[in-house]
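Here is the structure we will look at.
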Amino acid sequence: MSDWLPETPLLFYPSLAHKLGSDEALLLFIYRDYARHAGMQAEDGSVECILPKARWLQLAGFWSEERLRTASESLARQGCLQISLNQGGSVRLRLLPEPAPETKPEPTPADDAHAPGAAQAAEAQTAPVNRLPVYDTPPPPPPPPRGNMIDRKGPAPTFGGSIGWRRHKDELQAIFEQAEERNQQLHPMQLGWRPSDMFHAMLPRHSIPVDFAEACLDEFVLYWLDKDRKESNWDQKFLAWVKREWVKKQTRDAREQRYEQDRAPMTGGSNENTRRDSREKRKRITAAIMDIKDTDW
């Protein structure tokens, strides 16, 4: 039997749906579940987390981006969370704690002067208090101490707004911004590229002639034009290319020199004497064959 329920189920609270809306109730649970594992709790009881935009869209992958944005803005208007989109593309999410229910103020003696039993209440107030006050609901627990939280400096940012507090960049956001800066410094190979003056200053250190490097330039440019690759400094790539080709040329020259040296003894005077002796021998044999009176052979 095939499994029709492959993923972890999402909880849907009907009471929240009546209060916030069906999409908002489901999205609030998704945000709370994600913040429980990846969030950071603040001193006021809120939980804050920063996630890339692609990860934010995956939280509710069954919705479109417009529907997810609309539900998030609705939760922000209803005071459930604060959400903002940073310049680097990451999403800052801050889940607010549920406000405590309002308690009715205790009546004062002046207010209860005309109420029935006011005299008995006044007498009770003059008596010593021997018991603690009783509340309808327990007070909210104090948040755990956080020594590394940064003091808030203003209202939280919202979608489309430019106000909010400044915080130090967390590690994930710093990594994203560093990667974006590196990508902006990369540029592809272009036809007609030429090395800089720094490259020509490095050639004498490796004993490479400038003419040899210029001869390798066209092949280097055509090779990397087809690769569709980006580099921040093509001089380093070209220097490695020229050094490799220079080593190959020196190897070929040394091999040819050894070959010429090995052939030199074979082409000297001894070889000439051998050919002369062979010609004289052929002449003697031919003369002996042509002499019809000589029958020694």
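Keep in mind that this is a model prediction, so the values were computed, not measured.
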Tell me whether the count of non-hydrogen atoms from other residues, nucleotides or ligands lying under 6.0 Å of NE2 in His37 goes above 12.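 Result for NE2/His37: enclosed.
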Above 12 or not: heavy atoms from other molecules or residues under 6.0 Å from CG of Asp253? yes
Is it true that [X] and [Y] fall in one hydrophobic cluster, defined by side-chain heavy atoms closer than 4.5 Å?
X      : Y      : value
Leu75  : Leu96  : no
Trp63  : Leu11  : yes
Val221 : Phe212 : yes
Phe29  : Val47  : no
Met198 : Leu203 : no

Shortest non-hydrogen contact from [X] toward [Y]:
X      : Y      : value
Ala35  : Cys49  : CB-SG, 4.5 Å
Phe238 : Ala213 : CZ-O, 3.3 Å
Phe199 : Val242 : CZ-CG2, 4.1 Å
Tyr34  : Leu51  : OH-CB, 3.6 Å

What distance separates [X] [atom1] from [Y] [atom2], expressed to the nearest 0.5 Å?
X      : Y      : atom1 : atom2 : result
Ile30  : Leu27  : CD1   : CG    : 5.5 Å
Gln250 : Ile208 : CD    : CD1   : 8.0 Å
Leu81  : Glu73  : CG    : CD    : 10.5 Å
Gln41  : Leu95  : CD    : CG    : 11.0 Å
Arg69  : Arg67  : CZ    : CZ    : 15.5 Å
Lys237 : Asp235 : NZ    : CG    : 13.0 Å

Side-chain contact, heavy-atom cut-off 4.5 Å: [X] with [Y]?
X      : Y      : result
Tyr31  : Cys80  : no
Tyr13  : Leu28  : no
Arg94  : Met40  : no
Ser72  : Leu93  : no
Cys216 : Trp246 : no
Met202 : Lys243 : no
Ser90  : Trp56  : no
Asp23  : Thr70  : no

Strictly under 6.0 Å, is that where the ring centroids of Trp193 and Trp224 end up?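 Between Trp224 and Trp193, which both carry aromatic rings, the centre distance is not below 6.0 Å.
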Which label fits Tyr223 and Trp241: parallel for a plane angle under 30°, tilted from 30 to 60°, or perpendicular past 60°?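 Correct class here is tilted.
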Got a donor-acceptor contact below 3.5 angstrom from the Glu24 side chain to the Ser74 backbone? no
